[in-house]
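Reviewing the structure listed below.
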Amino acid sequence: MSLVRLNIKGISYSQTQSGAYALVLSEVEGERTLPIIIGAFEAQSIAIALEKEIKPPRPLTHDLFKTFSDRFHIKVKQVIIHKLVDGVFYSSLICERDKIEEIIDARTSDAIALATRFNAPIFTYENILDKAGIYLKIKDDSSLTRTKIEVEEMAIELAEESSLKEISLNELHKQLDEAVDNEDYELAAKIRDEISKRKK
């Protein structure tokens, strides 16, 4: 199965999931983007690594991992997003020490936070992009031009919608109850719409 290389396009705050962010990856040789919902800590860690001038006063967890790896001559060669199950992405770190390669399982947000620190390329499989990738085509028309923020918000919404499509019906009902309990009515409406689509 062919691997597709991805770049980090940006990170944006989720308007619908409290405390969540959308990490938007884009294929290097193509137009598809792969939006992934991540937590606040991981979003901050990735953002700090991308902004080379920002140095936190004490090392973050991913900085500590990088220092530890450097000290013991372990290199992260690449990150592969290898699986998508129920809206959750699974990733692997391909590491090397003394010319011996090891594959380590990792959360996608952690894997990408480390990839930014090791300047390691990020890949996914073609079938994952086919399943969860989206096209963000913006027409070059003054009446239709969108700001970067609007594009990122579109990516977040599409990421949330695509993640709902991967969740089982039972899980959707549980999430609907939780959203109502938390008074997150916007999310509840999206879940309800997804449940309705499946009943047709």
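- Note: F123 CZ to I81 CD1 = 11.0 Å, rounded to the nearest 0.5 Å.
- Scanning for side-chain hydrogen bond (donor to acceptor under 3.5 Å, both in side chains) contacts around Q78 gives an empty result, with sequence neighbours left out.
- The distance from atom CG of L176 to atom CD of E178, rounded to the nearest 0.5 Å, is 10.0 Å.
- Seen from the ring of F118, K66 counts as a face-on cation partner, given the 6.0 Å and 45° thresholds.
- The CG atom of L60 sits 9.5 Å away from the CZ atom of R58 when rounded to the nearest 0.5 Å.
- When all heavy atoms are compared, the tightest approach of A132 to P35 is O-CD, 4.1 Å.
- For D130, the salt bridge (Lys or Arg N to Asp or Glu O under 4.0 Å) partners are R32, not counting sequence neighbours.
- Contact record, L129 with E27: CD1-OE1, 3.9 Å, taken as the closest heavy-atom pair.
- The two residues L172 and I191 come nearest to each other via the heavy atoms O-CG2, 3.4 Å.
- The OG atom of S109 lies 11.5 Å from the CD1 atom of I37; values are rounded to the nearest 0.5 Å.
- Linking Ile, Leu, Val, Met, Phe, Trp and Tyr whenever their side-chain heavy atoms come within less than 4.5 Å puts I8 and L34 in one cluster.
- I100 pairs by the side-chain contact (heavy atoms from CB on, under 4.5 Å) definition with E102, not counting sequence neighbours.
- Not counting sequence neighbours, D177 has no partner by the salt bridge (Lys or Arg N to Asp or Glu O under 4.0 Å) test.
- Partners of I103 according to the side-chain contact (heavy atoms from CB on, under 4.5 Å) rule, which considers only residues two or more places apart in sequence or in another chain, are S92, I94.
- The structure places OG1 of T108 at 12.0 Å from CD1 of I80, a figure rounded to the nearest 0.5 Å.
- Hydrophobic cluster membership is shared by I104 and L114, with clusters built from Ile, Leu, Val, Met, Phe, Trp and Tyr side chains linked at under 4.5 angstrom.
- Partners of E101 under the side-chain hydrogen bond (donor to acceptor under 3.5 Å, both in side chains) rule, at least two apart in sequence or in another chain, are K77.
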Handout entry: Check against side-chain contact (heavy atoms from CB on, under 4.5 Å), L25 and T33
Key = CA-CA 5 Å; L25 305 174; T33 58; over 6 Å; no
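- Among pairs with a residue in residues 108-124, those fulfilling salt bridge (Lys or Arg N to Asp or Glu O under 4.0 Å) read D63-R117, R107-D110, at least two apart in sequence or across chains.
- V28 belongs to no multi-residue hydrophobic cluster, having no ILVMFWY side-chain contact under 4.5 Å with any other such residue.
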Practice task
Apply side-chain contact (heavy atoms from CB on, under 4.5 Å) to the pair I46 and L50, showing each step before the final yes or no.
Solution key: CA-CA 6 Å; I46 292 166; L50 292 173; 3.9 Å; yes
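- Considering CG of L23 and CD1 of I112, their distance stands at 5.0 Å, rounded to 0.5 Å.
- A ring pair (Phe, Tyr, Trp, His ring centres under 6.0 Å) check over residues 61-108, counting only residues at least two apart or in different chains, returns the pairs F41-H62, F68-F72.
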Problem - Test log, rule side-chain contact (heavy atoms from CB on, under 4.5 Å), inputs I11 and V24 - result: CA-CA 6 Å; I11 302 170; V24 183; over 6 Å; no
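- Contacts of N127 classified as side-chain hydrogen bond (donor to acceptor under 3.5 Å, both in side chains), with partners at least two apart in sequence or in another chain: none.
- Scanning all heavy atoms of the two residues, the minimum distance from A49 to T116 falls at CB-OG1, 3.1 Å.
- For A115, the side-chain contact (heavy atoms from CB on, under 4.5 Å) partners at least two apart in sequence or on another chain are V79, A120, I122.
- Listed by chain and number, the residues in a side-chain hydrogen bond (donor to acceptor under 3.5 Å, both in side chains) with E171 amount to none (sequence neighbours excluded).
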